[in-house]
Amino acid sequence: MTKYKFSSRVPLSNDNPFGEVLTVASKPSIISFAGGLPAPELFPVAQLKAVADRIFDDDGQKVLQYSVAQGNLKLRQLIAAYMQTRGLTEDPANMLITTGSQQGLDVIAEMMIDPGDKVISERPTYLSALDVFKTYGAETLGVGMDADGMKMDELEATLKQNPDTKIVYVVPNFQNPTGNSMSLARRKRLVELADEYDFIIVEDDPYGAIRYAGEAIAPIRSLDDAGRVIYTGTFSKILAPGLRLGWASADPALIAKMTLLKQFEDVHTDNLTQCIIARYMQDYDMQAHIDQITAAYKERGAAMIQAIQDYFPAETEFTRPEGGMFIWAKLPKNIDIDQLFDECIKHDVAFVPGAPFFPDNPEVNTMRLNYSNRSVEEIKSGMKTMGTVIASLNQ
Ligand code: PMP
């Protein structure tokens, strides 16, 4: 057998516990709250098909040709106009189109991280961002959070001990996995700390447009004038994740490096997809579509909160998101979450155990619940079943 000489970046183990959870939970009979999937019945299938037809009719040869690494200029202009409505004024020249925001995170890590460099994130945080940072050799450190996001006093204490930290990674709106958002005061403090400790803030914002309660909070990038924030956005949750289209916006010196690295990775993001989304934004009312998603998720989120109150033990702690797709719950300490997961699967219902979302010091009695991918009726019945299983283990 050949003994392959893998690079030191490659994980030694092929274990993928999170992937296994999602595979088990994807059995059709299961009511799954495990994944992070948007509601497929809300994808604008007919409109996107019509747009694709128009593109092939009008510009078939052009769209099938190679394009530029930074991405379609028209699309960048349309995203800039959209981001203006979200409180961020951005020059399209300071934007890079990426193959999903996941690629944006990868390119940022490649640009900034040498083995041993430190990345601080919320604890818990988006698992696949941690995986990317670790693949480039980063040491990841967690900072606790509450309903107002990452705790700035704890961040400052961590920075004092790790003043060479290169990146602070945050998901400031309706965070994956907790659903919590970072307050304006903490966003401002984070920018001050970035100046003081000379780090880059990665502001990962897939969910910010899906707000169904409370007031919008200014993007962190809009609060910084020193070029220390890289914003990553995506069409995955507001349009369709299969299109794999995202963007990054940042200081031109950073975008220039990221554009080069992205070109080395995949030349440019699929040109047809870029043209489809640009034309969709021109020919249709994307905001009306986002409003429709937001209204549906509001109902589903409320149904899940009600179900936690109705069916879970009274001591359960849980978040009350004002948007996005996730609720985070902490069950009584005596419940073994892995055992609960196995029992739930037997009863055709699934969630994701919380431990893998922690960069360090996992809290083992936690779970992430996704409400975007199921109807209100399914949420009620699935949560009722889960409540019964929890009660049977909570002796
Ligand atoms: N960041 C966060 C916080 C996410 O939850 C996700 C998707 N689940 C991504 C980035 C990646 O999204 P995509 O590559 O589809 O844009």
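Quick caveat, the model's predicted, so the values are computed rather than measured. Residue numbers count from 1 along this sequence. All ligand and atom numbering here is 1-based and tracks the order in the structure.
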Problem - Set of residues that line ligand 1, where lining means a heavy atom lies under 4.0 Å from it - result: Gly100, Ser101, Gln102, Tyr126, Tyr169, Val171, Asn176, Asp204, Pro206, Tyr207, Thr234, Ser236, Lys237, Arg244
Exercise for the section: Could you grab the distance from atom OH of Tyr136 to atom CD1 of Ile113, nearest 0.5 Å is fine? Expected result: 10.5 Å
Exercise for the section: For atom CD of Glu315, decide whether the heavy atoms of other residues, nucleotides or ligands shown that lie under 6.0 angstrom number more than 12. Expected result: yes
Handout entry: Residue pair Ile97 / Asn72: nearest heavy atoms and the distance that separates them
Key = CG1-N, 4.3 Å
Handout entry: Arg228/Asp195 salt bridge by N-O under 4.0 Å criterion
Key = yes
Problem - Under 3.5 Å side-chain donor-acceptor pair for Gln287 and Asp291 - result: yes
Fill in the blank from the handout: Contacts of Tyr371 meeting ring-ring contact (aromatic ring centres under 6.0 Å, His included) (sequence neighbours excluded), chain-then-number -> none
